[in-house]
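In what follows, a structure is listed as structure tokens, so that the remarks can point back to it.
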2 protein chains.
Amino acid sequence: MGNLKVAKAHIRAENERIILDAAEAIFARHGFRGSTMQMIADQANLPKANVHYYFASKKELYRRVVEQIFGIWLQAANSFEQSDNPAEALRRYIEQKMEISRLRKNGSKVWANEVINGAPIIQDFLENQLTEWTDGRIEMIQKWIDDKKIRPINPRWLLYMIWATTQHYADFTHQVETLNAAEPLSKEQWEDATETVFQIIWAGLVPKSGT
Amino acid sequence: MGNLKVAKAHIRAENERIILDAAEAIFARHGFRGSTMQMIADQANLPKANVHYYFASKKELYRRVVEQIFGIWLQAANSFEQSDNPAEALRRYIEQKMEISRLRKNGSKVWANEVINGAPIIQDFLENQLTEWTDGRIEMIQKWIDDKKIRPINPRWLLYMIWATTQHYADFTHQVETLNAAEPLSKEQWEDATETVFQIIWAGLVPKSGT
DNA sequence: GTCTATATTTCGATAGAC
DNA sequence: GTCTATCGAAATATAGAC
């Protein structure tokens with residue numbers, strides 16, 4: 001009896017994972033309304049009714065996908081804390097964000113799609129978790145400024161700049177690859193792009209030596 | 001007879017304009033598949049059948065909207081040419097891009113949506129016009145580097161950085177406003193953000209005085 | 001050129017046999 | 001837990017009167 005329960009729970013966990021991965025890919029490519037349960041089922045190699053068996057509605061499935069992405073974002077964001085040295089903290093954060101853009105393109109695209117459309121489904125994430133996290137990071141950056149470790153700039157615009165620049169490589173992959181002779185960026189290009197993003201931002205933050 | 005033709009042409013031009021504006025707003029908010037001809041008709045204050053009278057299909061209407069946006073982008077991009085001084089040229093370009101983000105949010109969002117989804121409808125723009133324009137601008141920036149006017153960085157990543165940072169304020173308006181206590185950015189905030197973007201990028205490009 | 005009514009297709013969701 | 005068949009609700013597009 002106990003074994004049966006465990007086996008069934010295992011099947012459920014595995015199928016949910018397969019469907020979530022399939023849904024992320026489809027939602028990233030076609031948006032919420034552009035994606036059909038049939039497409040997701042095909043991507044997962046399951047009959048459409050099975051998808052409905054595990055996720056009651058398309059909306060619930062979508063929300064689970066977005067939740068998953070948001071978790072990864074917040075987790076990476078913690079790297080911000082790990083150093084009191086602004087150069088180190090920013091380098092680590094930019095590197096992590098670029099790494100997520102490289103490895104989790106679909107997640108980033110679903111998020112972008114959702115925000116562009118006014119976040120009809122995940123507004124609560126923006127209002128609660130993201131607002132809290134952002135306010136905390138702004139305080140940290142402001143402290144760096146007060147300590148004259150970086151130039152006085154508005155910390156908020158700096159954060160947006162890092163988000164925009166790093167996520168661009170995930171959200172606009174298709175444009176980036178088209179402009180790269182229809183080829184994905186090579187390992188060297190990813191490293192070079194990451195280094196350039198960090199270098200420009202950091203050089204733009206260093207306090208003027210003469211001041 | 002001639003007058004009648006002119007009058008009808010006028011009616012057509014005006015109605016097409018009304019429908020295009022309505023469609024841009026709806027497509028920006030709901031994406032291609034999320035938008036219905038009924039929504040567009042309501043936004044334009046016209047019966048649905050009239051929209052079909054002027055635009056044979058939803059796809060044709062969408063393509064016209066994206067074409068319009070792309071024209072505005074390319075036009076603004078010319079400001080890049082107007083100065084041989086990198087600081088001036090970059091400042092003007094960033095200011096223009098931020099101005100478009102402020103005034104033409106919907107256009108930018110439709111474009112972003114389209115690229116995220118793999119540009120199924122406007123791939124030819126990416127392959128032709130955008131590739132040409134980008135290659136030309138990369139040459140210009142490379143010349144600045146050769147002339148030691150700016151530090152040696154990969155010009156392509158610099159362009160992407162400018163695009164990403166400026167368009168973020170249009171595409172992610174909803175997130176930016178949620179993080180701004182649900183208020184649109186004030187005139188002062190727009191100016192401050194623009195200045196910060198330019199300052200960080202430019203300071204990150206100036207050649208080291210000691211080298 | 002305008003607009004009501006409707007044909008046709010597609011999709012989300014469920015029933016019910018296995 | 002799986003899967004076929006199908007319902008009911010939209011949505012695109014068009015026919016045809018004005």
Side-chain angles (χ1 to χ4, degrees), chain A residues 1-27 29-66 110 113 117 120-121, chain B residues 1-66 113 117 120-121:
Chain A
M1 284 299 199
N3 279 344
L4 190 61
K5 259 191 194 164
V6 169
K8 288 209 173 175
H10 177 70
I11 289 177
R12 169 163 283 273
E14 184 164 320
N15 281 335
E16 282 188 357
R17 168 71 17 224
I18 289 171
I19 294 168
L20 279 171
D21 284 350
E24 187 180 82
I26 297 297
F27 284 135
R29 177 104 193 147
H30 305 278
F32 179 73
R33 289 288 289 276
S35 304
T36 71
M37 295 300 264
Q38 187 63 62
M39 288 163 107
I40 294 169
D42 290 348
Q43 175 86 12
N45 263 313
L46 287 170
K48 185 166 64 118
N50 286 35
V51 178
H52 270 103
Y53 176 73
Y54 287 104
F55 296 90
S57 71
K58 182 180 171 183
K59 200 165 169 176
E60 183 195 320
L61 176 53
Y62 180 76
R63 193 175 160 93
R64 285 282 299 275
V65 168
V66 178
V110 176
N113 232 313
N117 297 344
I121 308 212
Chain B
M1 283 301 200
N3 280 344
L4 189 61
K5 259 191 194 166
V6 169
K8 287 207 172 175
H10 177 71
I11 289 177
R12 170 163 281 272
E14 183 163 320
N15 280 336
E16 282 189 359
R17 168 70 18 224
I18 289 170
I19 294 168
L20 280 171
D21 284 350
E24 187 180 84
I26 297 297
F27 283 135
R29 178 101 193 149
H30 305 279
F32 179 71
R33 290 289 288 276
S35 303
T36 70
M37 294 300 265
Q38 187 63 61
M39 287 162 120
I40 293 169
D42 289 349
Q43 176 85 13
N45 263 313
L46 287 170
K48 184 167 62 122
N50 287 34
V51 177
H52 269 104
Y53 175 72
Y54 288 104
F55 297 91
S57 73
K58 183 181 172 184
K59 202 165 167 177
E60 183 194 320
L61 175 53
Y62 180 75
R63 193 176 159 94
R64 286 281 299 276
V65 168
V66 179
N113 231 311
N117 297 345
I121 308 213

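Chain letters run A, B, ... following the sequence lines, proteins first, then strands; residues in each count from 1.
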For [X] and [N], give me the distance from atom [atom1] to atom [atom2], rounded to whole Å.
X: A:I18; N: D:dG1; atom1: CD1; atom2: C1'; answer: 14 Å
X: A:D42; N: C:dC11; atom1: CG; atom2: P; answer: 11 Å
X: B:L61; N: D:dA11; atom1: CG; atom2: C1'; answer: 15 Å
X: B:Y54; N: D:dA13; atom1: OH; atom2: C1'; answer: 18 Å

task = Output the distance between atom CZ (B:F32) and atom CG (B:N117), rounded to the nearest 0.5 Å.
result =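 It comes to 11.0 Å.
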task = For B:R33 and A:T36, run side chain to side chain contact (heavy atoms under 4.5 Å, CB included): C-alpha distance rounded to whole Å, both residues' side-chain angles, the deciding distance at 0.1 Å, then the answer.
result = CA-CA 11 Å; B:R33 290 289 288 276; A:T36 71; 4.3 Å; yes
ask   = So A:F27 and A:Y62, would you call those rings parallel, tilted or perpendicular, with 30° and 60° as cut-offs?
value =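 Answer is perpendicular, since the angle exceeds 60°.
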ask   = If you look at every strand shown and take non-hydrogen atoms under 4.0 Å, does B:F55 touch a base, only sugar-phosphate, or nothing?
value =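 Nothing: the residue B:F55, judged by heavy atoms under 4.0 Å, touches no strand.
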Kindly list each side-chain donor-acceptor pair under 3.5 angstrom involving residues 42-56 of chain B, sequence neighbours excluded, with atom names and distances?
unit_1 : atom_1 : unit_2 : atom_2 : d
B:D42  : OD1    : B:Q38  : NE2    : 3.1
B:Y54  : OH     : B:N15  : ND2    : 2.8

inquiry  = Would you say that A:R64 contacts A:E16 through its side chain, given a criterion of any heavy-atom pair below 4.5 Å between the two side chains?
reply    =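 Yes, side chains in contact.
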ask   = Under 4.5 Å between any side-chain heavy atoms of A:I121 and A:V66, yes or no?
value =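 Not touching, per the 4.5 Å side-chain cut-off.
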inquiry  = Let's see if you can work this out: which of D:dC3, C:dC3, C:dG1 has an atom nearest to the side-chain heavy atoms of B:N50?
reply    =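 Taking heavy atoms from C-beta onward, the closest nucleotide is C:dC3.
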Between the protein and nucleotides 12-18 of chain C, list the N/O to N/O atom pairs that are separated by less than 3.5 angstrom.
unit_1 : atom_1 : unit_2 : atom_2 : d
C:dG12 : OP1    : A:S35  : O      : 3.1
C:dG12 : OP1    : A:K58  : NZ     : 2.9
C:dG12 : OP2    : A:M37  : N      : 2.8
C:dG12 : N7     : A:K48  : NZ     : 3.2
C:dA13 : OP2    : A:H52  : NE2    : 3.3
C:dA13 : OP2    : A:K58  : N      : 2.9
C:dA13 : N6     : A:K48  : NZ     : 2.6

